[in-house]
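A short worksheet on the structure shown next.
Keep in mind it's a predicted model, so treat the numbers as computed, not measured.
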Amino acid sequence: MPLLQVLRPTLPILIGASIMLTLSMGLRQSLGIFMQPLTHDIHISISDFTLALAVQNLAWGFLQPLAGAMTVRYGFRPIMIVGALMYIVGLILMATANGLVSIMIGAGVLIGTSLACTAAAIAMSVAARAVPETVRSTVLGIVSGAGSLGALLSAPIGQLLNEGFGWRVGLAGFVIMSVLMVPAAWYAGRVDQVSLPKPAADDIGDATAASVAKAAFGNASFAVMTCAYLVCGMQLVFLTTHLPSYLAICGLDPMLSAQTLGMIGGFNVLGSLFFGWAGQRWNKLALLGGIYILRSLALAWYFMLPATSFSTLLFGAIMGFLWMGVGPLVAGAVAEMFGLRWQAMIQGLAFMSHQIGSFLGAYGGGVLYDSLGSYTMAWRIGVALGLAGGIIQVAFALIRPSQPPAPVLRTA
């Protein structure tokens, strides 16, 4: 049966999830464009700004399991709509900021909390529930790919507004774009009406959140995937936060940073589609490790050479292809290991590790730059840890294929 015919009944859900994801991720990935003018105008340091983004990543990571658990009790729609509204308020606080407190609350706490309710873990769980298992990995790749278009659109728009009218107008443009998240979340919330498939004997079903978390971390394949996920967050957030600043230091055209983020977004679509397709056919956890290794090699190549417009755009294309391809692989692996009912929460538990890495990439990169005057040590650390995490992930996936968890019984 053709894929479109299979998906037709759930297309509004998938489109809503994709739009919500593309806006929440695309706007967030483009905030680094405003770092230089914003910090200069309101008299805060680079490390102050990156601390706010680090708080954003920690709030996102540590609240993600809670948001996932709340979808089990309240459904997806209310969680996603509240998250979309928090995103709008967070951007408004950024656009009107006159000091660090507004940046910390807006860019840090509010947007971080919103991402826990609207970004990859929730959107992927919505998509996974809406489609049959036979096409799940492919559909997760499609949703992840559609969710990658945000950076392709928001980065150039933000940079044009920033250069033409100032960073406040640029962020006001982001506020207008973020309003579209509300109707997108409403349509994606139709997934609450979709019945869960009959659980397999080894699925985690009617259990408590605490017992589900214990079962997840007791699964060796999940534990290794979660630890390796740290390097993913560290590398990606280091780039989205610090690449615009690095290009400015190199004396390159400011528009190049937006073009590179757009290049990442464009090739992200291709990578997400490819890894969604590949995850339907090969070991998802081994593919994850391969992504981390290839990213690390690309980072080493780019930062070892003098930065040019061509090398930067080529680097953006390579990293874009390897960017959100992790999304369908992680979501698919969690669904295979634990079933669908608690997928959002379990994926959130893994994502906590990712966001600890994001904190290190955003804030650690800023601290190293302020201390040493360059990004050399930061990218070297990112490459070393990325290679180590990728090799361990591939080796473990091939030596010990993932096993389903032991059955979890509901406790009083």
Side-chain angles (χ1 to χ4, degrees), residues 3-4 6-29 60 63-90 111 113-133 135-151 153-154 177-197 268-269 272-273 276 324 327-328 330-332 334-335 340-348 351:
L3 180 62
L4 183 59
V6 174
L7 301 183
R8 185 172 288 116
T10 56
L11 275 179
I13 296 172
L14 298 178
I15 292 171
S18 298
I19 293 174
M20 180 184 70
L21 178 61
T22 200
L23 289 169
S24 65
M25 292 298 293
L27 296 175
R28 173 248 181 189
Q29 289 171 0
W60 180 9
L63 292 175
Q64 185 70 78
L66 177 61
M70 290 175 69
T71 64
V72 177
R73 181 169 184 178
Y74 300 108
F76 283 94
R77 177 174 282 168
I79 304 304
M80 293 187 294
I81 290 177
V82 169
L85 293 173
M86 293 181 74
Y87 210 117
I88 296 168
V89 175
I111 293 181
T113 304
S114 170
L115 288 164
C117 303
T118 59
I122 298 296
M124 291 297 184
S125 297
V126 167
R129 180 176 295 193
V131 299
E133 190 277 335
V135 297
R136 184 179 298 149
S137 184
T138 300
V139 169
L140 290 175
I142 293 171
V143 172
S144 180
S148 305
L149 296 174
L153 299 173
S154 60
M177 294 171 66
S178 69
V179 171
L180 296 174
M181 291 174 61
V182 177
W186 177 268
Y187 277 98
R190 289 185 178 183
V191 76
D192 292 330
Q193 302 169 15
V194 177
S195 299
L196 285 167
N268 211 341
V269 176
S272 296
L273 293 173
M324 279 185 70
V330 170
V334 170
L340 295 177
R341 180 173 177 80
W342 293 93
Q343 181 187 358
M345 192 195 87
I346 296 173
Q347 199 171 328
F351 196 68

Name all residues meeting the side chain to side chain contact (heavy atoms under 4.5 Å, CB included) criterion together with Leu180; count only those two or more places apart in sequence or in a different chain, and write none if there are none.
Leu23

Residue set satisfying side chain to side chain contact (heavy atoms under 4.5 Å, CB included) with Val182, at least two apart, ordered chain then number -> Ala84, Leu85, Ile88

Taking all non-hydrogen atoms of both residues into account, name the closest pair between [X] and [Y] and its distance.
X      : Y      : answer
Met345 : Pro65  : CG-O, 3.2 Å
Tyr87  : Ser178 : CD2-CB, 4.4 Å
Gly26  : Ser154 : O-OG, 3.0 Å
Leu21  : Val143 : CD2-O, 3.9 Å

Do any side-chain atoms of residues 115-122 form donor-acceptor pairs under 3.5 angstrom with protein atoms, and if so which ones, sequence neighbours left out?
unit_1, atom_1, unit_2, atom_2, d
Thr118, OG1, Ser114, O, 2.9

One pair to check against side-chain contact (heavy atoms from CB on, under 4.5 Å): Trp60 and Arg28. What are the steps and the verdict?
CA-CA 12 Å; Trp60 180 9; Arg28 173 248 181 189; 3.3 Å; yes

Met70 CE to Leu63 CG distance, which is reported to the nearest 0.5 Å
10.0 Å

Does Leu27 reach the side chain of Met177, with side-chain heavy atoms less than 4.5 Å apart?
yes

Just list the side-chain donor-acceptor pairs under 3.5 Å for residues 71-79, sequence neighbours left out, or say none.
unit_1, atom_1, unit_2, atom_2, d
Thr71, OG1, Gly68, O, 2.5
Arg77, NE, Trp186, O, 3.1
Arg77, NH2, Trp186, O, 2.8

Could you check whether any side-chain N or O of Ser24 sits under 3.5 Å from a backbone N or O of Met20, counting only pairs where one atom can act as donor and the other as acceptor?
yes

